[in-house]
Amino acid sequence: MTSRAPLSRKLSAIAESATLKVDAKAKALQAAGRPVISYAAGEPDFATPSYIVDAAAKALQDPKNYRYTPAAGLPVLREAIAAKTLRDSGLEVAPSQVIVTNGGKQSVYQAFQTVVNPGDEVLLPAPYWTTYPEAIALAEGTPVEVFAGADQDYKVTVAQLEAARTDKTTVLVFVSPSNPTGSVYTPEETAEIGRWALEHGIWVITDEIYQNLTYEGVRAVSIVEAVPELAGQTILVNGVAKTYAMTGWRVGWMVGPADAMKLAGNLQSHLSSNVNNVAQIAAAAALTGPQDEAEQFRLAFDRRRQLIVAELSKIDGVEVPNPLGAFYAYPDVRGLLNRSWGGVTPTTSLELADLILEQAEVAVVPGEAFGPSGYLRLSYALGDDQLLEGIQRLQRLFA
């Protein structure tokens, strides 16, 4: 008998999302009765604002929402996204340049599929979100990591990008505020990188899903606002998940030049068709409705940010750059490695994360998920009491 044909080599090379894996492990331990505190998932602990839920409930009563709608998104939502893009990213676009996707993650996937050809090199500043290199690989591109450490506030420079550029470089990933580090590029830094990409004809995929979560008076200036001429070679990725506590609603979008959006729309017409209509209507309500609760969420994140940075900084061997956006702290923990803790001597941040989970019952994501070893990502999008208790457990472990 002939043996079965092999599974996809491309998909076999793709790793499971590290953040979701750690979160799933933490939840399994919690279900088994262990008092695990998880800093793994980038998910606000707030309920979606009631006015958004009410809009969805009303949409459920309209039979037209039970049917197929345009694959690129409902007109009312595409118009709202175009207005938000002008308001927050300084870029005027037609609604036809907007594609609504099943969460920001689908937009990331489709963006790379749209502008990456086999063998293209994609400059990927590190630390990076764990999905980017896998999405690049699925587009048959080659991720080229450009690392910036805590001494640079995890922000790459034009000099570093230029040193990594080759004649195969076609795309740059630009993320500000950053997941996993919370770093925000200054307007001057953003403009310098944008001008460099424009000069070399490089596509920019900019993930702006955290653009409304910034602190200390900082504003995340979009790269297309800093360098308007770059709009013709930039795809913006965004969504309602983080700002409005709507992770489970799965509504994101991509915005870009008309020709690129035509290709992405063709892909989506075969990949998934339209996003859930009720969720789209809820997202439109989020963008066009009162922003008071979203601002309260941001203020709560800011309070938690200050707490986690202050408490982590009390641990000898931990360096915590001040995150000015998103809801993550990304401490440099190389000072904890190669030392004995509870009879265990971790040599990598992966081993350190395992030690922390086992001995302190705290779940964190190791730096290996985002680039080099020696770092941990902690989301502070969890309740205040748990936030403090978890860090105090770490303080006791590493005392």
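There is a path of hydrophobic side-chain contacts, each under 4.5 Å, that joins Val175 to Val115. Cluster annotation: Ile308 is connected to Ile315 through the hydrophobic network of ILVMFWY side chains, with a link wherever side-chain heavy atoms come within less than 4.5 Å. Under the 4.5 Å side-chain heavy-atom criterion for grouping Ile, Leu, Val, Met, Phe, Trp and Tyr, Tyr375 is not connected to Leu378 through any hydrophobic cluster. Cluster annotation: Met254 and Leu267 are assigned to distinct hydrophobic clusters (Ile/Leu/Val/Met/Phe/Trp/Tyr, side-chain heavy-atom contacts under 4.5 Å, transitive). Connection of Leu236 to Phe174 is established within a shared hydrophobic cluster, with ILVMFWY side chains joined at heavy-atom distances below 4.5 Å, either directly or through further cluster members.
In this structure the side chain of Gln280 reaches within 4.5 angstrom of the side chain of Thr69, judged on heavy atoms. Proximity of Ile235 to Trp203: side-chain heavy atoms (C-beta onward) are separated by under 4.5 Å at one or more points. Proximity of Val173 to Val122: side-chain heavy atoms (C-beta onward) are separated by under 4.5 Å at one or more points. Within the 4.5 Å cutoff, the side chain of Val275 has no heavy atoms near those of the Gln106 side chain. Taking the side chain as every heavy atom from C-beta outward, Ile193 and Val227 never approach each other to under 4.5 Å. Inter-residue side-chain proximity for Leu172 and Pro125 is flagged as met; some heavy-atom pair is nearer than 4.5 Å. Looking at heavy atoms from C-beta onward, Ile205 lies out of side-chain contact with Tyr132 at the 4.5 angstrom threshold. Side-chain contact between Asp385 and Glu389: absent, with no pair of heavy atoms (C-beta onward) separated by less than 4.5 Å.
Between Ala41 and Ser38 the shortest heavy-atom distance is N-OG, 4.5 Å. Annotation for Tyr215 and Arg298: closest pair CE2-O, 3.5 Å, computed over non-hydrogen atoms. Of all heavy-atom pairs spanning Val146 and Ala164, the tightest one is CG2-CB, 3.8 Å. Closest of all the heavy-atom pairs between Val36 and Ala26 is CG1-CB, 4.0 Å. Leu337 and Gly374 make their closest contact through CD1-CA, 4.3 Å (heavy atoms, listed as atom of the first residue, atom of the second, distance). The nearest pair of heavy atoms linking Ile99 to Gln268 is CG2-OE1, 3.5 Å.
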(request) Apply side chain to side chain contact (heavy atoms under 4.5 Å, CB included) to the pair Arg339 and Phe398, showing each step before the final yes or no. (result) CA-CA 10 Å; Arg339 297 165 64 182; Phe398 298 119; over 6 Å; no
(request) Test Leu287 against Val240 for side chain to side chain contact (heavy atoms under 4.5 Å, CB included), laying out the working first. (result) CA-CA 8 Å; Leu287 296 179; Val240 293; 4.2 Å; yes
(request) I would like to know whether Arg219 and Val221 meet side chain to side chain contact (heavy atoms under 4.5 Å, CB included); could you show each step before the answer? (result) CA-CA 6 Å; Arg219 178 171 173 263; Val221 174; 3.6 Å; yes
(message) Determine whether Val333 and Leu352 satisfy the following criterion, side chain to side chain contact (heavy atoms under 4.5 Å, CB included), listing intermediate values before the conclusion.
(response) CA-CA 9 Å; Val333 294; Leu352 183 67; 3.6 Å; yes
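Within a 6.0 Å sphere centred on CG of Asp316, heavy atoms belonging to other residues, nucleotides or ligands number 12 at most. Residue-environment remark: NZ (Lys64) stays at or below the threshold of 12 foreign heavy atoms within 6.0 Å. Counting non-hydrogen atoms of other residues, nucleotides and ligands closer than 6.0 Å to CZ of Arg87 gives a total above 12. Atom CZ of Arg9 has 12 or fewer neighbouring heavy atoms from other residues, nucleotides or ligands inside a 6.0 Å radius.
Within the 3.5 Å criterion, the main-chain N or O of Thr186 finds a donor-acceptor partner in the side chain of Glu189. Side chain of Glu295 to backbone of Asp292: no donor-acceptor contact under 3.5 angstrom is found. Counting only distance, with no hydrogens or angles, the side chain of Trp249 and the backbone of Thr48 share no donor-acceptor pair below 3.5 Å. Side-chain N or O atoms of Arg304 include one that pairs as donor or acceptor with a backbone N or O of Leu382 at under 3.5 Å. For Glu145 (side chain) and Ala126 (main-chain N/O), no donor-acceptor pair under 3.5 Å exists by modelled atom type. Of the possible donor and acceptor atoms, none in the side chain of Gln97 sits under 3.5 Å from a partner among the backbone N and O of Glu92. Formation of a donor-acceptor pair under 3.5 Å by the Tyr66 side chain with backbone atoms of Leu60 is found in this model. A donor-acceptor pair under 3.5 Å is absent between the side-chain atoms of Glu208 and the main chain of Asn238, judged by distance alone. Of the possible donor and acceptor atoms, one in the side chain of Tyr185 sits under 3.5 Å from a partner among the backbone N and O of Val156. No donor-acceptor pair closer than 3.5 Å links the side chain of Ser373 to the backbone N or O of Glu368.
Taken from CG in Leu161 to CD1 in Ile202, the straight-line distance is 8.0 Å, to the nearest 0.5 Å. With rounding to the nearest 0.5 angstrom, the OH atom of Tyr330 is 10.0 Å from the CG atom of Asn179. Rounding to the nearest 0.5 angstrom, the gap separating the CG atom in Asn277 from the CG atom in Asp62 is 9.5 Å. Once rounded to the nearest 0.5 Å, the distance linking CG of Leu387 with OG of Ser379 reads 9.0 Å. A distance of 12.0 Å separates OG1 of Thr142 from CG of Leu124, quoted to the nearest 0.5 Å. Atom-to-atom distance recorded for Arg377:CZ and Trp129:CH2 is 10.0 Å, nearest 0.5 angstrom.
A donor-acceptor contact under 3.5 angstrom links the side chains of Arg305 and Asn322, judged on distance only. Judged purely by distance below 3.5 Å, without hydrogens or angles, the side chains of Asn212 and Lys84 pair a donor atom with an acceptor atom. Between the side chains of Ser183 and Asp153, no donor-acceptor pair is found at a separation under 3.5 Å. Between the side chains of Ser89 and Glu225, no donor-acceptor pair of N or O atoms lies under 3.5 Å. For the residue pair Gln110 / Thr101, no side-chain donor-acceptor distance below 3.5 Å is found, with atom types taken as modelled. Side-chain atoms of Tyr244 and Gln291 include a donor-acceptor pair closer than 3.5 Å.
For the pairing with Tyr328, the ring pair (Phe, Tyr, Trp, His ring centres under 6.0 Å) check across Tyr210, Tyr154, Tyr39 returns one residue only, Tyr210.
The aromatic rings of Phe46 and Phe297 lie parallel to each other, with less than 30° between the two planes, well short of the 60° mark.
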